[in-house]
Amino acid sequence: FFSSRRRHTRLQGDWSSDVCSSDLCASAQALTIPASGACSYVAGTTFCANPSGGVPAPTCGGIPGADVWYSVTVPANGNISITTAPGTTGTPMTDAAMEIYTGTCGALTLSYCSVSGSAANAAFPSAQLNGTYPGGTVLYIRVWAENNTTNGTFQICASSQCNTYDECSSADRKSTRLNSSHLVISY
């Protein structure tokens with residue numbers, strides 16, 4: 001069902017408008033990192049999304065069909081993790097892919113791609129990017145059903161907490177990032 005400017009989709013018997021308002025990079029939904037730095041999931045769906053055109057092709061996860069966009073600003077300390085998980089409402093996605101870009105919409109640079117996650121959510125990608133980007137960098141996150149499989153609901157969050165390897169407190173923290181066509185490893 002479509003109205004003049006809003007798409008509607010049915011999730012568990014309720015009609016929600018603007019479910020896919022983040023269908024384009026230019027309308028990416030901003031993720032907020034709570035003051036605690038902990039992960040606070042936001043619900044997402046690809047049911048009403050369309051493929052994005054004019055975006056660098058992903059390096060993993062196959063060619064996206066329906067994709068949605070998020071943005072997040074790297075905190076001043078440079079510690080950031082992005083995590084996805086199955087949806088808790090509607091029909092959950094069963095296998096997801098995630099690509100992270102820097103730059104601006106229309107001039108994006110591919111930075112990171114992930115198709116696998118933790119043991120608990122093995123079909124959902126995550127990215128531990130502590131020290132990879134300077135504070136204040138805006139990241140654009142593209143999420144889709146891996147290999148254009150079944151669309152569905154999912155959850156996504158950004159946090160600034162360290163992982164179990166305590167990368168945040170290490171004075172000689174290592175970082176890895178893709179810079180143009182070169183891999184840069186900093187010690």
Side-chain angles (χ1 to χ4, degrees), residues 1-32 39-72 80-129 138-158 177-178 181:
F1 292 89
F2 296 96
S3 67
S4 60
R5 297 186 81 88
R6 295 184 177 182
R7 295 181 187 178
H8 300 271
T9 190
R10 188 176 178 139
L11 298 175
Q12 287 192 332
D14 296 324
W15 291 100
S16 302
S17 64
D18 289 334
V19 173
C20 281
S21 60
S22 59
D23 190 27
L24 301 171
C25 176
S27 59
Q29 179 179 346
L31 298 176
T32 319
C39 196
S40 179
Y41 281 102
V42 172
T45 183
T46 57
F47 279 125
C48 58
N50 295 298
S52 295
V55 178
T59 58
C60 69
I63 302 299
D67 55 13
V68 289
W69 291 84
Y70 297 86
S71 66
V72 66
I80 188 161
S81 298
I82 300 165
T83 307
T84 61
T88 58
T89 61
T91 304
M93 187 184 293
T94 58
D95 202 3
M98 173 177 71
E99 190 101 53
I100 299 172
Y101 300 89
T102 58
T104 58
C105 296
L108 294 169
T109 301
L110 171 65
S111 182
Y112 185 89
C113 196
S114 178
V115 292
S116 61
S118 67
N121 295 310
F124 286 83
S126 63
Q128 185 78 34
L129 304 169
V138 176
L139 304 177
Y140 289 93
I141 306 148
R142 181 184 191 187
V143 178
W144 70 95
E146 185 177 358
N147 295 314
N148 204 14
T149 56
T150 306
N151 287 322
T153 61
F154 63 94
Q155 299 176 82
I156 186 168
C157 75
R177 63 185 164 87
L178 184 64
S181 61

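In this text, all values refer to a predicted model and were calculated from it rather than measured experimentally. Values reported hereafter were calculated over all heavy atoms of this structure, with side chains retained and with hydrogens, waters and symmetry mates removed.
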> Okay, side chain of Gln128, backbone of Ser81: is any donor-acceptor separation there less than 3.5 Å?
Replying inline: no
task: Please lay out, stage by stage, how Leu24 and Asn50 fare under the test side-chain contact (heavy atoms from CB on, under 4.5 Å).
output: CA-CA 8 Å; Leu24 301 171; Asn50 295 298; over 6 Å; no
Rounded to the nearest 0.5 Å, the CG atom of Leu108 sits from the CD atom of Glu99 at a distance of 10.0 Å
Scanning both residues in full, the closest heavy-atom pair of Pro51 with Pro64 reads CB-O, 4.3 Å
Between Gly62 and Pro58, the two heavy atoms sitting closest are O-CG, 3.4 Å
For Asn151, the side chain to side chain contact (heavy atoms under 4.5 Å, CB included) test, sequence neighbours excluded, returns Thr46, Phe47, Ala66, Ala145
Tightest non-hydrogen contact, residues Ala26 and Cys105, listed as N-SG, 3.5 Å
Looking only at heavy atoms, the pair that brings Met98 and Pro125 closest together is CB-CG, 3.5 Å
Measure from the side-chain N and O atoms of Ser22 to the backbone N and O of Ser27, and report whether any donor-acceptor pair falls under 3.5 Å.
no
Item to check | Side-chain heavy-atom pair Val55, Trp69 within 4.5 angstrom cut-off | outcome: yes
Heavy-atom closest pair (Gln155 atom, Pro86 atom, distance to 0.1 Å) is NE2-O, 2.8 Å
Do the side chain of Tyr101 and the main chain of Pro56 share a donor and acceptor less than 3.5 angstrom apart?
-> yes
* Asked: Can you find a pair of side-chain heavy atoms, one from Val115 and one from Cys60, that are under 4.5 Å apart?
  -> yes
Here the pair of heavy atoms bringing Ser126 nearest to Tyr112 is O-OH, 3.7 Å
Is the shortest side-chain heavy-atom distance between Thr102 and Tyr140 below 4.5 Å?
no
Between the CD1 atom in Ile63 and the CG atom in Asn147, the distance rounded to the nearest 0.5 Å is 9.5 Å
Task: Close side-chain approach of Ile141 and Val143, heavy atoms under 4.5 Å - done: yes
| said: With a 4.5 Å cut-off on side-chain heavy atoms, are Phe154 and Val68 touching? | reply: yes
- When you measure from the side chain of Thr153 to the backbone N and O of Thr89, does any donor-acceptor pair fall under 3.5 Å? yes
Contacts of Trp144 meeting ring-ring contact (aromatic ring centres under 6.0 Å, His included) (sequence neighbours excluded), chain-then-number -> none
Side chains of Val42 and Leu31: does their closest heavy-atom pair fall under 4.5 Å? yes
For residues 57-67, the side chain to side chain donor-acceptor pair (under 3.5 Å) pairs (sequence neighbours left out) are Ser52-Asp67, Asp67-Arg142
For this session: Kindly indicate whether the side chain of Ile100, heavy atoms from C-beta on, has any atom under 4.5 Å from the side chain of Ile82.
Result: yes
Taking the side chain as C-beta and beyond, is there a heavy-atom pair between Tyr41 and Thr88 under 4.5 Å?
no
